[in-house]
**Q** 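Before I ask anything, here is the structure I am working with.
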Number of protein chains: 2
Amino acid sequence: MSKCEQCIIRQFNSLKALHKEDLVRLSGCKTTKTIKKGEVIFEEGENVNGVYCIKDGVCKLSKLSTNGKDQIVKLVTKGDLLGQRSLISDDTTNLSAIAVNDMEVCFIPKSEIVHDLKNNVNFSMDMLKEMADDLKLADNVIVDMAQKSVKQRLAETLLYLQDNFGEDDEGLLNIVLSREDYANIVGTATESAIRILSQFKKDGLISTKGKHVKIENINALKRME
Amino acid sequence: MSKCEQCIIRQFNSLKALHKEDLVRLSGCKTTKTIKKGEVIFEEGENVNGVYCIKDGVCKLSKLSTNGKDQIVKLVTKGDLLGQRSLISDDTTNLSAIAVNDMEVCFIPKSEIVHDLKNNVNFSMDMLKEMADDLKLADNVIVDMAQKSVKQRLAETLLYLQDNFGEDDEGLLNIVLSREDYANIVGTATESAIRILSQFKKDGLISTKGKHVKIENINALKRME
DNA sequence: TAAAAAATATGATAATTGTCAGCTATTAAT
DNA sequence: ATTAATAGCTGACAATTATCATATTTTTTA
């Protein structure tokens, strides 16, 4: 069993504010899980009762709309925490979390996190800061959803993926999403997402290799925003 | 000059977690302002350098999209705090705040709030909780923007206004917005908002008296969601 | 490996929403 | 009180996006 105090992942999230003795304590009660692509980590309305620290992989946070379609609100990845929002609000989770690829995560029980929030100002302040940053990002998403066309949102999504996940040596995006996922991120019908991606391909903005996407003309995509 | 420790407004926000001596300190450095309808409290990109506690009135938080249109992200009202997000992120504000009607607010300098955040766990935890709740609401707005029609969003907005601002003895909503404001809340063209409100009127879902709106058939509005 | 299932792709069409123009009513300014 | 400015309203039309139908390709399962 790996030890939190030796884990470098914590440097990327609020857990970095914890002291060595706290990390040792967390190590003692955390559980490490492997999650297969497509597996549900938790579902909207559930009690999560803790926080996941993502050691590897990516998952999508989505919410079912009354029209029966899933909206992906956020992609959460290596280094991020998962489940803080509902833990802090002492609420069931408002989002479902589903693995986009194989993941490795550590689950830390709620009581431990609450203990540290109450006893370590640096930790709670860092968590507060993360939350404030998330809120700013969410505001930006709201504005994009409300004011931009599907084409613009899809272009932005591609740039976002490039920025956040990078590309491999062939230039292919380091994250693979289904067309349905793309549609659920930009909030459109799957057919519309497919159509626009095809158009982008025709126009030389992107190319594809199987399900992998490569950005060919980043400036043209940026100009669409 | 009124005193924070005697002000009942603080019961409605995180300031309730402060102790009497802290409130006395805040009283000494806060400034009370009257803001006229339409006045700008702060603008996107500015340094706010503190938090506003809203004693009376309503303001809209909006963001300018690249297409030149304003998107109203949130309405902030009596009892709410304003400016926490950017204070905590130590960032310029991402939103503009404009008074929807005449307001009375108290401005508390950043240094004071930061002092209390670091020294009063109850205060920082409450702030964290507020932020988490805001994030949940923002997620809901994202899903609505992405998945619902303009008509559905407008119906929801009317119900939201009814819930949050109530109605007077004639049944008129206790908040008056321009058609442009309605459009900027739901993220549509002003003409579209006008058209749909007219349709709602024809269908007997609402009635209007000048700029005041009255909800006539709440169930029909709810059924649209 | 063959069959079944799922994902991707594309066309046709309908529904929704945006844009532009012009007009009326209301509010503000002189 | 009159004029100017703003807000509200409506029609016509264009653009965007959703829906439904149907191939085709890819992936999964037996």
Side-chain angles (χ1 to χ4, degrees), chain A residues 36-39 60 65-72 98 100-102 143-157 176-203 206-214 224-225, chain B residues 36-39 60 65-72 98 100-102 144-157 176-203 206-214 224:
Chain A
K36 287 252 172 305
K37 176 181 171 176
E39 228 176 283
K60 53 186 178 185
S65 178
T66 44
N67 68 0
K69 282 187 190 166
D70 268 316
Q71 177 63 34
I72 297 177
I98 297 175
V100 166
N101 45 40
D102 291 350
V143 176
D144 285 353
M145 287 295 176
Q147 300 284 355
K148 293 189 176 171
S149 69
V150 172
K151 198 183 279 189
Q152 287 175 310
R153 269 139 56 196
L154 196 43
E156 274 197 1
T157 299
V176 174
L177 297 172
S178 68
R179 304 299 194 224
E180 192 180 6
D181 284 335
Y182 278 103
N184 291 348
I185 290 171
V186 302
T188 192
T190 307
E191 297 95 320
S192 298
I194 288 171
R195 237 180 274 274
I196 293 171
L197 285 173
S198 298
Q199 189 60 47
F200 283 177
K201 234 168 25 176
K202 262 186 204 153
D203 299 345
I206 62 170
S207 63
T208 57
K209 191 173 181 179
K211 288 171 83 94
H212 291 259
V213 174
K214 179 177 177 180
M224 301 198 55
E225 289 188 54
Chain B
K36 286 252 173 304
K37 176 181 171 177
E39 231 177 281
K60 52 187 179 186
S65 178
T66 45
N67 68 359
K69 281 188 193 164
D70 268 317
Q71 176 63 34
I72 296 177
I98 298 175
V100 166
N101 45 40
D102 291 349
D144 284 352
M145 288 294 176
Q147 300 283 353
K148 293 190 176 169
S149 69
V150 173
K151 198 183 282 190
Q152 287 175 312
R153 269 138 57 197
L154 196 43
E156 273 198 2
T157 298
V176 174
L177 297 172
S178 68
R179 302 299 147 119
E180 192 180 6
D181 284 335
Y182 277 104
N184 292 348
I185 290 171
V186 302
T188 191
T190 306
E191 296 95 322
S192 298
I194 288 173
R195 237 180 275 272
I196 292 171
L197 284 174
S198 298
Q199 189 61 49
F200 282 177
K201 232 164 31 171
K202 261 186 207 154
D203 298 345
I206 62 170
S207 63
T208 57
K209 190 174 183 178
K211 289 170 84 94
H212 292 259
V213 174
K214 178 177 177 180
M224 301 197 56

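Reckoned from all heavy atoms, side chains included, excluding hydrogens, waters and symmetry mates. Reminder, nothing fancy here: chain letters follow the sequence lines and each chain counts from 1.
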**Q** Taking all heavy atoms of B:Arg179 and all of B:Ile194, pick out the closest pair and write down the distance.
**A**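 Taking every non-hydrogen atom into account, CB-CG1, 3.7 Å.
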**Q** To the nearest 0.5 Å, what is the distance between CD on B:Gln152 and CD on B:Glu156?
**A**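 Here the interatomic distance stands at 7.5 Å.
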**Q** Once you round to the nearest 0.5 Å, how far does NZ of A:Lys69 lie from CD of B:Gln147?
**A**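 The CD atom of B:Gln147 is 6.0 Å from NZ of A:Lys69, to the nearest 0.5 Å.
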**Q** For the backbone of B:Lys37 and the side chain of B:Asp102, can you confirm whether one donor and one acceptor N or O come within less than 3.5 Å of each other?
**A**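 Here the side-chain-to-backbone pair exists.
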**Q** For B:Gly187 versus B:Arg153, what's the shortest heavy-atom pair and its separation?
**A**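 Nearest pair, atom of B:Gly187 first, then B:Arg153: O-NH2, 3.2 Å.
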**Q** Sorted by first residue and then second, give each salt bridge (Lys or Arg N to Asp or Glu O under 4.0 Å) pair with at least one member in residues 180-191 of chain B; sequence neighbours left out.
**A**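 Matches after skipping sequence neighbours: B:Lys60-B:Asp181.
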**Q** What closest approach, in Å, do B:Val100 and B:Val176 show between heavy atoms, and which atom pair accounts for it?
**A**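 The answer is CG1-O, 3.8 Å.
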**Q** Mind checking side chain to side chain contact (heavy atoms under 4.5 Å, CB included) for A:Ile196 and listing every partner two or more places apart, or none if nothing turns up?
**A**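 With neighbours one apart ignored, the set is A:Val150, A:Lys151, A:Leu154, A:Phe200.
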**Q** Going 5' to 3' along DNA chain C, which are the first and last nucleotides with any atom under 4.0 Å from a heavy atom of chain A?
**A**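 The contact span of chain A on DNA chain C goes from C:dA7 to C:dA12.
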**Q** How close do B:Ala155 and B:Met224 get, heavy atom to heavy atom, and via which atoms?
**A**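 Scanning both residues, the minimum pair turns out to be CB-SD, 4.0 Å.
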**Q** Between the protein and nucleotides 8-12 of chain D, list every N/O to N/O distance that falls short of 3.5 Å.
**A**
residue: D:dG8; atom: OP1; partner: B:Arg179; partner atom: N; Å: 3.4
residue: D:dG8; atom: OP1; partner: B:Lys211; partner atom: NZ; Å: 3.1
residue: D:dG8; atom: OP2; partner: B:Arg179; partner atom: N; Å: 3.1
residue: D:dC9; atom: OP2; partner: B:Arg179; partner atom: NH1; Å: 2.7
residue: D:dT10; atom: OP2; partner: B:Ser198; partner atom: OG; Å: 3.1
residue: D:dG11; atom: N7; partner: B:Arg195; partner atom: NH1; Å: 3.0
residue: D:dG11; atom: O6; partner: B:Arg195; partner atom: NH2; Å: 3.0
residue: D:dA12; atom: N6; partner: B:Arg195; partner atom: NH2; Å: 3.4

**Q** Locate the shortest heavy-atom distance separating A:Thr190 from A:Ala183; write the atom from each residue and the value.
**A**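 Taking A:Thr190 first and A:Ala183 second, the nearest heavy atoms are CA-CB, 3.6 Å.
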**Q** To 10°, what angle do the rotation axes through the five end pairs on each side of the helix from C:dT1-D:dA30 to C:dT30-D:dA1 form?
**A**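 It works out to 50° between the end axes.
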**Q** When rounded to the nearest 0.5 angstrom, what is the spacing between CG in A:Leu197 and NZ in A:Lys202?
**A**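 Output value for this atom pair is 12.5 Å.
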**Q** So if I take residues 145-154 of chain A and measure heavy-atom distances to DNA chain D, which residues fall below 4.0 Å?
**A**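 Result for residues 145-154 of chain A: A:Ser149, A:Val150, sorted by number.
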**Q** Enter the distance from B:Asp144:CG to A:Gln71:CD here, rounded to the nearest 0.5 Å.
**A**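 Reported value, rounded in 0.5 Å steps: 10.0 Å.
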**Q** Just how far, in rounded Å, is P of D:dT26 from NE2 of A:His212?
**A**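 Rounded to whole Å, this separation is 14 Å.
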**Q** Hey, is the side chain of A:Ser192 poking within less than 4.0 Å of OP1 or OP2 on D:dT16, counting only N and O atoms?
**A**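 No.
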**Q** Do the side-chain N and O atoms of B:Ser65 and A:Lys148 include a donor-acceptor pair separated by under 3.5 angstrom?
**A**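 Their side chains do not contain a donor-acceptor pair, so the 3.5 Å distance test is not met.
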